[in-house]
Structures are given as structure tokens and as C-alpha cells.
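Written below as C-alpha cells is the structure these notes are about.
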Amino acid sequence: ADIGDRLSFHPADDTALGVGGRFGAVIGATADNLVLKARDALGARVPNLRGGHFTLDKNLPVAAGIGGGSSDAAAALRLLARANGIALDDPRLMAAALAVGADVPVCVAAQARVMRGVGEILSTPLDLPPLPAVLVNPGVATATRDVFRAFAGMSGSATPLGDVPRDNLVDFLHAHGNDLTPAAIVCVPLIGEVLDTLAALPGMRLARMSGSGSTCFALFDSRKAAARAAKHLTEARPDWWVAAATLR
């Protein structure tokens with residue numbers, strides 16, 4: 001998406017992290033941040049790795065199912081690689097990414113891919129069309145572990161994905177839902193209300209939950225339609241985080 005957190009880095013002999021932005025106050029203890037965990041994971045694999053001072057502007061909701069923390073960790077790895085002369089295809093970099101979290105390897109290159117395994121098996125980049133969208137988070141964090149536990153109790157298996165077409169992507173997505181949605185709604189019933197609200201927006205083509213929740217999104221034909229829908233929804237639900245974006 002063309003929205004996200006922003007991470008800056010200044011090489012130094014010590015490592016530190018400053019956090020700001022709209023959601024900076026709610027991300028918890030700095031020592032638990034995935035940016036520092038990424039630095040530690042790479043440092044364990046690269047002798048004498050030089051660290052530095054990170055500054056994170058946290059603009060995305062926390063525990064929202066949209067990979068914000070994973071993207072932050074991947075950005076930290078890219079910055080550290082640049083500062084230490086490490087190639088992005090260095091296997092130590094991807095090993096460090098996987099050690100931080102299953103969603104981090106796909107975020108290192110920041111390109112759309114199909115993920116398999118626990119996230120370490122990545123397809124070649126997908127040539128997807130731009131997808132105008134509205135993202136909505138109701139302000140309730142969702143614990144991924146709880147959602148997967150509920151999912152295992154309900155079915156325990158996921159629907160195979162297959163090849164992802166470019167020309168009829170929305171039709172393909174209509175035929176492939178998010179298997180975690182029913183389990184996430186059990187954990188956070190408000191997700192169901194968000195999906196119903198998105199499905200009722202004029203011009204909406206598809207509404208889905210992202211990841212394990214609680215962020216959901218709707219796709220539209222144009223950026224203008226998505227912007228109008230986001231404006232309407234912001235006025236109707238000022239307590240929700242609403243953002244128009246383009247997915248690629």
C-alpha cells in the first residue's frame with residue numbers, strides 16, 4: 001500500500017530507537033519493538049554489525065493484521081544492510097528476517113508475492129494491477145495467536161490458493177476468501193460490523209479482512225471512488241481509523 005510507517009536511520013556505534021507518530025504511544029515497550037529485534041537478529045549472523053539510531057513514525061494501527069510491524073522490521077534490515085555493505089540477497093539477511101517473524105521475509109523486497117510454508121517460501125514477484133482501496137480498523141487489536149487457535153478449533157485447514165491472475169484479479173479474490181475471517185469474528189465481533197459497513201459502500205467491488213484482523217479493506221474501480229468512500233466513512237465513524245490507499 002502507498003501508506004505506512006516511516007523509519008529513518010543514522011549509523012552510530014550504539015543502537016537506539018525513538019518512536020513517534022499517531023500510534024507511537026500505543027506500541028508498547030521499545031525493547032519489544034521489531035525494529036530492534038531485527039537489528040539483534042542480523043547482528044547474531046553478521047559479526048561486528050554496525051548499528052545506529054532508528055526513528056520510527058508509527059502511522060499504522062498496532063496489531064492490525066496489515067504487516068506494519070513486519071514492514072518496520074524489514075525496513076530496519078534494509079537500512080542496516082545498506083550501512084554495512086550487505087547485499088539484499090545475502091542469505092543471512094533473509095535468515096534474520098524469518099527469525100524476527102514469518103511475515104518479515106516478504107516485506108524485505110516489498111513486492112507482492114505468494115507466501116507458502118510459514119512465510120519463508122516466496123514466489124517470484126507478482127505483476128498486479130493497482131487496486132484502489134479503503135482500509136478500516138475499528139481500534140481493537142487482534143491477537144494473531146488467538147485467531148489461529150480459534151481457526152484450528154473450527155476447521156484446521158486452509159483453502160489452496162493456486163496461481164494468481166492479473167487480468168481478472170477481483171474475480172479471483174471473490175472466489176478465494178480469507179479463511180481466518182470467521183475465527184477472527186469470534187475473537188473480535190466488531191470485525192463483522194466493519195465488513196458489513198464496507199460491503200454497503202457505493203461502488204465497492206470486494207470487501208475482505210486483512211491477515212488475521214482486525215483491519216478490513218474494500219476495493220474500488222478508481223482512486224476517486226475510494227477517496228469518496230473513505231471521506232463518507234470517516235464522517236460516519238470518526239472512532240475508526242479509515243484510509244484510502246492504492247494496493248499494488
[atom1] of [X] to [atom2] of [Y]: how many Å apart, nearest 0.5 Å?
| X | Y | atom1 | atom2 | result |
| --- | --- | --- | --- | --- |
| Arg22 | Asp57 | CZ | CG | 14.0 Å |
| Asp127 | Arg248 | CG | CZ | 11.0 Å |
| Asp103 | Leu34 | CG | CG | 10.0 Å |
| Leu233 | Leu198 | CG | CG | 6.5 Å |
| Asp221 | Arg205 | CG | CZ | 4.5 Å |
| Phe151 | Asp146 | CZ | CG | 15.0 Å |

Which pair of non-hydrogen atoms, one from [X] and one from [Y], has the smallest distance, and what is that distance?
| X | Y | result |
| --- | --- | --- |
| Asn48 | Asn84 | O-OD1, 4.4 Å |
| Arg92 | Pro47 | NH1-CD, 4.5 Å |
| Pro129 | Leu169 | CD-CD2, 4.0 Å |
| Pro182 | Met154 | CB-CE, 3.6 Å |
| Leu180 | Gly211 | CD1-O, 3.9 Å |
| Arg50 | Pro11 | NH1-CB, 3.8 Å |

Hey, any chance [X] and [Y] share a hydrophobic cluster, counting ILVMFWY side chains that come within less than 4.5 Å of each other, even indirectly?
| X | Y | result |
| --- | --- | --- |
| Leu206 | Leu126 | yes |
| Ile121 | Val114 | no |
| Val104 | Leu98 | no |
| Phe217 | Met115 | yes |

Practice task
Walk me through it: do Val242 and Arg237 pass the test side-chain contact (heavy atoms from CB on, under 4.5 Å)?
Solution key: CA-CA 9 Å; Val242 180; Arg237 295 303 305 254; 5.7 Å; no
Student check: side-chain heavy atoms of [X] and [Y] closer than 4.5 Å:
| X | Y | value |
| --- | --- | --- |
| Pro130 | Arg223 | yes |
| Val35 | Leu7 | yes |
| Asp72 | Lys58 | yes |
| Trp241 | Leu60 | yes |

Give a yes or no on whether [X] atom [atom1] has more than 12 heavy-atom contacts from other residues, nucleotides or ligands under 6.0 Å away.
| X | atom1 | result |
| --- | --- | --- |
| Arg166 | CZ | yes |
| Asp14 | CG | yes |
| His232 | NE2 | no |

Problem - Asn59, Leu135, Ile66 screened by side chain to side chain contact (heavy atoms under 4.5 Å, CB included) with Ile3, the one that passes - result: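 Between Ile3 and the candidates, side chain to side chain contact (heavy atoms under 4.5 Å, CB included) is satisfied uniquely by Leu135.
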Handout entry: Candidates Ile185, Thr142, Ile191, Thr181 - the one meeting side chain to side chain contact (heavy atoms under 4.5 Å, CB included) with Val147
Key =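 Going through the options one by one, the only one that passes is Thr142.
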Exercise for the section: Give the intermediate values and the outcome of side-chain contact (heavy atoms from CB on, under 4.5 Å) for residues Leu247 and Leu128. Expected result: CA-CA 9 Å; Leu247 310 179; Leu128 301 183; over 6 Å; no
Practice task
Using distance alone, with no hydrogens and no angle criterion, decide if Thr215 and Ser210 have a side-chain donor and acceptor under 3.5 Å apart.
Solution key: no
Practice task
Run the numbers on Leu77 and Ile86 for side-chain contact (heavy atoms from CB on, under 4.5 Å), then give the verdict.
Solution key: CA-CA 10 Å; Leu77 290 173; Ile86 301 171; over 6 Å; no
Problem - Verdict with supporting geometry, Leu36 and Thr15, side-chain contact (heavy atoms from CB on, under 4.5 Å) - result: CA-CA 8 Å; Leu36 295 182; Thr15 297; 3.8 Å; yes
Exercise for the section: Using the six-membered ring wherever Trp is involved, compare the ring planes of Phe9 and Phe54 and label them parallel, tilted or perpendicular (cut-offs 30° and 60°). Expected result: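 Phe9 and Phe54: tilted rings.
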